[in-house]
Asker: 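Handing you a structure now.
Below, read A as the first sequence line, B as the second, and so on, with proteins coming before strands; counting in each chain starts at 1. Values reported hereafter were calculated over all heavy atoms of this structure, with side chains retained and with hydrogens, waters and symmetry mates removed. This structure is a prediction, so every number in the text was calculated from the model and none was measured.
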Amino acid sequence: MGWLDWMLLLARIVLTFFMLLFALVIVIWLERKFIADMQTRPGPLRAGPRGVLITLADGMKLFFKESFVPTLADRPVYLIAPILAVVPAFLAFSVIPWGTHVTLFGREIPFQIADLNIGILWVLAMTSMTVYAVVLAGWSSGSNYPLLGSVRSSAQMISYEVGMGLALISVLMFTGHLKMSEIVAGQGGYYWGFVPRWNFIPQFPAFLLYLIAGLAETNRPPFDLPEAESELVAGFHTEYSGWRFAMLYLGEYLNTITVAAIATTLFLGGWRGPHPSFLPWLWPIAWFALKILVIFYVYVWIRGTMPRIRYDRLMAFGWKLLIPLGLFWVLATGTIVLLPGLYGSRGRLVAVGLIVGIGMLLLLAADVLERPRSRSREGASP
Amino acid sequence: MDEAMRGPAFDSDEEIRQETMIINMGPQHPSTHGVLRLLLELDGETVLSCKPIIGYLHTGIEKNCESRTWMQSVAFVTRADYLSPFFNELAYCLAVERLLGIESPPRAQVLRVLFSELNRISSHFVWLATAGLELNAVSVMLYGFREREMILDVFEAATGLRMNHAYFRIGGVIMDLPPGGEDRIRELLRVLPGRIDDFDHLLSGNPIWIERNKGVGFLSAERCLAAGVTGPPLRSAGVARDVRRDEPYSGYETYEFDVIERSDADCYARFEIRLDEMRESLKIVEQCLDRLQPGPVMIEDPKVRWPAELEVGPDGIGNSPAYVKHIMEESMEALIHHFKMVTEGVAVPAGEVYQAVESPRGELGMYVVSNGEHRPYRVKIRDPSFVNLQAVPSMVEGGLIADVVACIASFDPVMGGVDR
């Protein structure tokens, strides 16, 4: 690589970084506007036109506030935790193709920092780092509410990561690639000439699984137990203030964007979409942003509708419903992918038959397991 | 960090397992309905013991009444349970009226019932809002307060204040409905049923809402009766106790309404009861409007009634200019009478009386003692929130910390009433 390539790589990194920051500003403002609309109130109005600069204003305020360290805090860990929240969140985005490419100086430059051949694994590795930030932040605060929050979140995030991983595995098996660019490339074309060949159609259960697990991974309502306001005050970041709090907050929204971006890339065809022929590099970016916003809107909508789930039910939901469903879907995808290759065209029929059979068995098992157990509530309370 | 601050070091696993966590939920906490403090002993997420600690909002209302005239005390007691001010006023006025041996005129009685029932609805809306907020249904919070605001607008038009009205006075109510007041209440009757149904649709079918409330906060009828719990928590345990029907006052025996009861004795039953009670209250309000006849709203006896007349002026409600002109320019006797009534007031015959009304939170009682003077000897408020809070430990112990929040919300305590 010559110096020009290095410069272009650097430019790409800087561009992606600032695009993300810009997206954060917009996305936080949009969330507040969406939720305000659902709750019949105007939302932010004062900073900039229609309050669009509210995130900047809040950020500025937080950066000029005292960043307090409690006496009982474990100082080094307490200081590192917010950085741990932000850095992996940015790094996870580096493998996501958020546009096609432009041709500059005779080189084809993709809108993607690194097209790793282990793309999805990189994303999984980086998003799982977030749990460290939450656990360490809560544990090092030296206070009870953050401790409870961090204990909850470690259990929650690890459990839902399994479900998320299963959803990703089925996509991997279906597309046969780990590389993000290949996965997007595999979603070109149309079914029956007009339905886009996006993964979410054949992989719909995995798509739902991923969206739900993503909701839990990013601690968004109704899975916001680590920071359950009405129970744990503010959960793991109760003791944080100033720019350190801003970092934790930023990390959470970055993770939300990343989860939506991965869902877009893996299930919704990434940057693909019909577009006119002028400015061919701009439209994919717009499509990508639009798809992220749609997923984001669904998340905000859920936040506006759902109460918070209880801790034990959350774990039960994750382990007893999402993970078995994920395992079943991995099995189903495997059968569909493999059997036709082994047994020819009749294999497809056998595969479908097998899946339906196993599904029925599972439903039966779930019914037996979920029979209401008669619990004597009177005896339970002393 | 100082070694002593790290807490004890453990020698064995056994010791670690015995360690429980004490946390202070409140008095500054997002979901303790004001300044309730709960001392919780936790084993992980499970509550081992719970001690409610109160007194952070003590305002000395009862004691203050003893150094005010009988009439002035109305403005004190209304501030106790600030979400249901009309009920505080009603219980106090009825008690004093019983001591005096008087009864307010029919129109005043109907107005009292009308405003009490509207107040019950507005109080239940706040309950829906805060209970929703505590289970993180934030939208429900905003909808609840929006609906309540419509009722408060009517209160403001009629009494001049959104809360703490001091509208019911000894011998009646302080002023009649403003022009167009009945139409505004009829408008409420038109809009509110749909809004209540909206809450029903939003929450009743919501799996998370059901899961957070069904089977949570069980409190059996025996336990309720042992602790003196009244109101929706008692009715949720299958005991259809309602002061309005069992010991009627203000002519409640002539209204048609159902006492809502459930038998599940959990938070969800209390939610259903409150929704249905709002519908029943609307029925009563409608009957009130139908039987409103023109007439006086305060008894005629000049030795008891509040002498001043109020009127809506360009800057809100205040003393009517005609009355001020009358006492200041026309009649010396009227001025003397006004002065005596306002500064000294009525002397209430010696005696003691306990008057209960059914507030949105349960049985609200006023125990009023007079030694024949111009001010109360003692005013004791039996506030339902205060009594109901006793039962909180037996509801939450053994449950999860997340259920503590749901349990307290299902009692709807108002700390202003608890600490008085």
Side-chain angles (χ1 to χ4, degrees), chain A residues 35-41 69-76 78 140 142-149 151-152 155 220-225 227-234 238 300-317 372 375-382, chain B residues 1-2 5-7 21-25 28-32 40 42 44-45 49 130-143 146 202-203 206-209 211-213 215-220 222-223 264-266 393-406 409:
Chain A
I35 201 88
D37 191 35
M38 289 173 199
Q39 296 172 343
T40 64
R41 57 193 175 86
V69 183
T71 319
L72 285 176
D74 195 320
R75 211 180 156 86
Y78 184 84
S140 67
S143 166
N144 283 343
Y145 285 120
L147 183 64
L148 280 173
V151 169
R152 279 181 176 189
R220 284 188 61 84
F223 301 119
D224 57 340
L225 289 113
E227 49 196 282
E229 194 202 349
S230 52
E231 296 152 31
L232 304 182
V233 188
T238 306
V300 177
W301 192 0
I302 292 173
R303 176 181 160 196
T305 330
M306 289 287 180
R308 182 185 301 117
I309 197 165
R310 201 174 66 188
Y311 178 67
D312 58 330
R313 293 308 185 104
L314 173 92
M315 299 307 279
F317 183 68
R375 268 194 305 171
S376 151
R377 297 290 307 189
E378 176 68 331
S381 57
Chain B
M1 194 173 69
D2 191 358
M5 282 174 167
R6 285 184 187 274
M21 186 192 268
I22 304 278
I23 66 168
N24 258 311
M25 209 172 190
Q28 307 296 334
H29 188 278
S31 61
T32 50
L40 298 175
L42 298 180
E45 292 257 336
S49 73
T130 51
L133 180 66
E134 271 150 22
L135 303 184
N136 208 29
V138 184
S139 307
V140 171
M141 191 270 277
L142 286 142
Y143 299 150
R146 179 187 65 185
L202 194 58
L203 293 174
N206 190 318
I208 301 182
W209 182 259
E211 173 251 295
R212 286 300 305 270
N213 284 296
V216 170
F218 178 83
L219 197 65
S220 67
E222 293 78 32
R223 217 165 272 283
D264 295 343
D266 58 3
S394 62
M395 275 165 93
V396 303
E397 282 172 8
L400 293 173
I401 187 171
D403 288 341
V404 173
V405 175

Asker: For the interface with chain A, which of B:M141, B:R146, B:M21 has the highest count of heavy-atom pairs at distances below 4.5 Å?
Answerer: B:M21
Asker: For a 4.5 angstrom cut-off between non-hydrogen side-chain atoms, does A:L148 reach B:I23?
Answerer: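 Of all side-chain heavy-atom pairs linking B:I23 with A:L148, at least one is under 4.5 Å.
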Asker: Any chance you could measure B:L135, atom CG, to A:I309, atom CD1, to the nearest 0.5 Å?
Answerer: 12.0 Å
Asker: Could you measure the distance from the CG atom of B:L133 to the CZ atom of A:R308? Nearest 0.5 Å is fine.
Answerer: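 Taking CG in B:L133 and CZ in A:R308, the distance rounds to 9.0 Å.
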Asker: Examine whether an atom of B:N24 lies under 4.5 Å from a heavy atom of chain A, and if so say whether it belongs to the side chain, the backbone or both; otherwise answer neither.
Answerer: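 It is the backbone, since no side chain atom gets that close.
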Asker: Does any backbone or side-chain atom of A:L147 lie under 4.5 Å from a heavy atom of chain B? Answer side chain, backbone, both or neither.
Answerer: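 Answer is side chain: those atoms of A:L147 sit under 4.5 Å from chain B.
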Asker: Nearest 0.5 Å please: distance from the CD1 atom of B:I208 over to the CZ atom of A:F223.
Answerer: 6.5 Å
Asker: Let's test your reading of the structure: which of A:G304, A:P222, A:P307 forms the most heavy-atom pairs below 4.5 Å with chain B?
Answerer: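 Top option by heavy-atom pairs under 4.5 Å: A:P307.
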Asker: Can you list everything that forms a salt bridge (charged side-chain N to carboxylate O under 4.0 Å, His left out) with A:D37? Sequence neighbours excluded, please.
Answerer: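 A:D37: no salt bridge (charged side-chain N to carboxylate O under 4.0 Å, His left out) contacts found.
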Asker: Would a distance-only check, ignoring hydrogens and angles, find a side-chain to backbone donor-acceptor pair under 3.5 Å from B:S139 to A:T305?
Answerer: no
Asker: Where on A:R75 is there a heavy atom nearer than 4.5 Å to chain B: the side chain, the backbone, both, or neither?
Answerer: neither
Asker: Measuring heavy-atom distances to chain A, does B:I22 have an atom under 4.5 Å in its side chain, in its backbone, in both, or in neither?
Answerer: backbone
Asker: Hey, could you give me the CG/CD distance between A:D312 and B:E211, rounded to the nearest 0.5 Å?
Answerer: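 It comes to 7.0 Å.
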Asker: Could you work out, with ring-ring contact (aromatic ring centres under 6.0 Å, His included) as the rule, every residue matching B:Y143, not counting sequence neighbours?
Answerer: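 For B:Y143, no residue satisfies ring-ring contact (aromatic ring centres under 6.0 Å, His included) once neighbours in sequence are set aside.
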